[in-house]
2 protein chains.
Amino acid sequence: MSLPHALLTALIERPHSSGLELARRFDKSIGHFWQASHQQIYRELGRLEADGLIASEAEAEARGRKRNYHVLPAGEQALRDWLGEADASTPLRDTLMVKLRADAVLGPERSDTPALIAAIEDRLTQHRDKLAQYESFAVRDMAHPDPDRAVRIRQLILQAGLRHESGWVETLEQALERLKVQNS
Amino acid sequence: MSLPHALLTALIERPHSSGLELARRFDKSIGHFWQASHQQIYRELGRLEADGLIASEAEAEARGRKRNYHVLPAGEQALRDWLGEADASTPLRDTLMVKLRADAVLGPERSDTPALIAAIEDRLTQHRDKLAQYESFAVRDMAHPDPDRAVRIRQLILQAGLRHESGWVETLEQALERLKVQNS
DNA sequence: ATTGTTTTTGCAACCCGTTGCAAAACATCG
DNA sequence: CGATGTTTTGCAACGGGTTGCAAAAACAAT
């Protein structure tokens, strides 16, 4: 349940953003570790406003029905309170692990291993792409001469992403290796 | 959407299991990478039976209204078909990353960093515990003399879990390190 | 015998994420 | 001007995951 807090964060970072602007920025920054569709974002902005955590004004001289939002003091307070709440660790939850287990249980004869290998290779390229993307971010971000606190935190988040993706690449490469040995 | 397939897998591995038995086994094996509550499991067993992928018989001489399920040929086929389907990579999705970003955006004065540090330390112990648990599994599992295909796959899954948890431990330790340096 | 406890199953409601679609306001171009 | 497209907002419906609660059936206790 972090979408509201992610939105508050994005709105403090750049006040007077509209729903669509937030959706676009989600895709490029926060979205790397917390995804949200524009429908979700509109719904949540409505709730945050109803709860008195943000406020908005309609912008004239704009297309559609553009509304610009900003965070109220109560919203900032809510965000600060939330920082201290403990949350349960995200458990590993991945369909590929289920597939591997299914393959093991079905056994080499009854399972369709070539198809599984194709599925794994597909996932592998996805993670390699993401990894390459993060690495290109890293070239920009890590070369900071005298990073302040905010920059150091961004670097930290990026490294978490790098570790995550390279971990998957490693796991999947190992899986392919082992599945292709077809004895017993 | 892997719960039905996880259940098929568990039922092929050990046929004539009841809903509760499956729920208990989920907690101990498949649950490490695909969690499900007993309510979910009962609901899904009902659907699988309605779809003709599994069948069940009521067991007399048992408490409650125990039913034992087994997989039908159509169920095994559905599982095999599913193995080849490509699935999208699980994107990183974690509240702590959101919190770190929120802290960075609020800045060292406005944010409540000590509370955040406490939250991170809490998470850190969770991941350390999980890691220790996996390591104890590894002692049993990796010491296999001549592992067959099924065992090799189990080892693979376990290593993925180990990588996942130790990755988080590393990330969180680094986060604490950086957050405790309070310049600028 | 009745009262409670345990096992097993399951319903109902809610929240979040997803998908499909549409309305409002403006822009553009023939 | 009218038709068509674009931007921005948003609704409706569905499905999975979560929580709370309860019914059915056997067993235990006093």
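Here is how names work: the chains are called A, B, and so on, in the same order as the sequence lines, proteins then strands, and each is numbered from 1.
With rounding to whole Å, B/Ile41 atom CD1 is found 12 Å from D/dG17 atom C1'. The interatomic distance linking B/Leu48 (CG) with D/dG16 (C1') rounds to 14 Å, in whole Å. The separation between A/Arg24 atom CZ and D/dT6 atom P is 14 Å, rounded to whole Å.
Residues passing the salt bridge (Lys or Arg N to Asp or Glu O under 4.0 Å) test with B/Lys66, sequence neighbours excluded: B/Glu21. Annotation: ring pair (Phe, Tyr, Trp, His ring centres under 6.0 Å) contacts of B/His144 (sequence neighbours excluded): none. Residues meeting the side-chain hydrogen bond (donor to acceptor under 3.5 Å, both in side chains) test with B/Arg65, sequence neighbours left out: none. When the side-chain contact (heavy atoms from CB on, under 4.5 Å) test is applied to B/Ala150, the partners found at least two apart in sequence or on another chain are A/Ala104, B/Asp148.
Across all strands, A/Ala36 comes closer than 4.0 Å to no nucleic acid atom at all (heavy-atom distances).
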Check residues 25-34 of chain A and write down every donor-acceptor pair under 3.5 Å in which the side-chain atom is one partner and the other belongs to a residue at least two apart or another chain.
residue : atom : partner : partner atom : Å
A/Arg25 : NH1  : A/Glu13 : OE1          : 3.4
A/Arg25 : NH2  : A/Ala10 : O            : 3.0
A/Arg25 : NH2  : A/Ser17 : OG           : 3.3
A/Ser29 : OG   : A/Arg25 : O            : 3.1
A/His32 : NE2  : A/Lys28 : O            : 3.2

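Ion pairing between B/Glu59 and B/Arg67 fails under the 4.0 Å rule for side-chain N and carboxylate O.
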Whether each nucleotide of nucleotides 9-17 of chain C has a protein heavy atom under 4.0 Å at its base (B), only at its sugar-phosphate (S) or at neither (-) is summarised, 5' to 3', as BBB-B--SB
